[in-house]
There are 2 protein chains.
Amino acid sequence: MNEQSYPEFTGLELSPRKVDYLKFILEKEGTVKTTEISSGLQVDPSTTSKTLNELASAGYLNHVPYRGVDLTELGEAYTQFLVRRHRILSLLLTHYGLSPEEACDEVSRFEAFVSREAVDKICSSMGHPMFGVCGEISHGKCLHEENHH
Amino acid sequence: MNEQSYPEFTGLELSPRKVDYLKFILEKEGTVKTTEISSGLQVDPSTTSKTLNELASAGYLNHVPYRGVDLTELGEAYTQFLVRRHRILSLLLTHYGLSPEEACDEVSRFEAFVSREAVDKICSSMGHPMFGVCGEISHGKCLHEENHH
DNA sequence: CAAAAATTTGGATATATACCAAGTTTTGAA
DNA sequence: TTCAAAACTTGGTATATATCCAAATTTTTG
């Protein structure tokens, strides 16, 4: 089967900032250089370098020093969850009077503290919407879980 | 008029833990002792003592050393917002398949990062519900704002 | 009033972020 | 191809939050 299985995760593993790094790296796809990330996230390259090391140690990234990083399989799967979480929560808030931009900004501040369990329930309760306010929503893992329960 | 006005706040002023302290103190009403808070929040009294100092310095509490703390007017108004935020967000999540307990727990983790602006919009969009899943919701400040716009 | 309980202070640790300066590696232009 | 510039990493430092323990202080109480 093509469906890769990863150990369970709560969705609370990473700090807000680390979530930013992974989302940024996923967007760029392929190998990403330190400078690119530093510009994107507006931080000193030395900060990026350190954070990349931490994410690599935790198994989310492959880091070839001086060369760049790319997502591991775990990192890819995890980051797909991060993106789905962001989009589901943003979409949710637009149903309560927030504009897409407001919703995105708001969610960016707190998303790292919303569990996968909650996201899956919300997602399911919304009928697994395909379109968020900041991109398409893919439900691989989410629907997968649901099938098995 | 009885309606006290306070400088604007974003709702993002306090860390998650400080939010816990204020909510706990509001619940108890009147003067609260360090030990009481320490037991309630499961932390060492020395930790409580330090946090209480910080909250007092920031103007949310009156702290009489060795005697206890109580909310200032600002602290009271602010904490009422904190409680409303918690209840509105919890109620919201119960509309998406989370049980009241799950919703409360989930919200406790991220509420500190949800702005007053967003809460007011959500609240308004929900029709200023009077009952949450963990207590009555009062809308003093929320409705007040709305009248002026 | 003196011992016990409560509280505070000082010192230490841990995590998360981030900067600067200095050193290392890669790149690219002459 | 070589060597200077650019990119990257490391080491050191800093702030903010949160926590504990041990020691000192204040209040309470038997």
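Proteins come first, then strands; the chains are lettered A, B, ... in the order of their sequence lines, and each starts at number 1.
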When you get a sec, tell me which of C/dT8, D/dA18, C/dG23 is the closest nucleotide to the side chain of A/Tyr66? C/dG23
For the pair made of NZ in B/Lys18 and P in D/dA16, what is the distance, rounded to whole Å? 10 Å
Can you tell me the distance, in whole Å, between the OH atom of B/Tyr21 and the P atom of D/dA18? 8 Å
Less than 6.0 Å separating the ring centroids of A/Phe81 and A/Phe9? yes
Find the distance B/Leu12:CG to D/dA16:C1' and express it as a whole number of Å. 16 Å
Once you round it to whole Å, what is the distance between C1' of D/dT17 and CG of B/Leu14? 12 Å
Check whether any side-chain N or O of B/Thr47 sits under 4.0 Å from OP1 or OP2 of D/dT19, and answer yes or no. no
Look at A/Ser46 and D/dT10 and indicate whether a side-chain polar atom (N or O) is within less than 4.0 Å of OP1 or OP2. no
Using modelled atom types only, decide if a donor and an acceptor are shared between the side chain of A/Ser115 and the backbone of A/Thr10 within a distance under 3.5 Å. no
Under 4.0 Å from OP1 or OP2 of C/dA6: is there any side-chain N or O of B/Thr34 that close? no
Only one of A/Leu26, A/Leu74, A/Leu61, A/Val19 passes side-chain contact (heavy atoms from CB on, under 4.5 Å) with A/Thr79; say which it is. A/Leu26
Could you state the atom-to-atom distance from CZ of B/Arg17 to P of C/dA16 in whole Å? 17 Å
How close or far is atom P of D/dA18 from atom CG of B/Asp20, stated in whole angstroms? 9 Å
Using a 4.0 Å heavy-atom cut-off, does A/Pro65 contact any base of the nucleic acid, only the sugar-phosphate backbone, or nothing at all? sugar-phosphate
Quick one: are the ring centres of B/Phe113 and A/Phe110 less than 6.0 Å apart? no
Starting at atom CG of B/Leu52, determine the distance to atom C1' of D/dT19, rounded to an integer number of angstrom. 15 Å
Any side-chain heavy atom of B/Thr51 within less than 4.5 Å of one from B/Leu55? yes
Let me spell it out: for each of A/Asn53 and B/Lys50, pick the nucleotide of DNA chain D with the closest heavy atom. Which residue's pick is nearer the 5' end? A/Asn53
Starting at CD of A/Glu54 and ending at P of C/dT17, how long is that distance when rounded to a whole Å? 8 Å
DNA chain C nearest-nucleotide lookup for A/Asp44 and A/Lys33: closer to the 5′ end is A/Asp44
Just N and O in the side chain of B/Arg67: are any of them under 4.0 Å from OP1 or OP2 of D/dT26? no
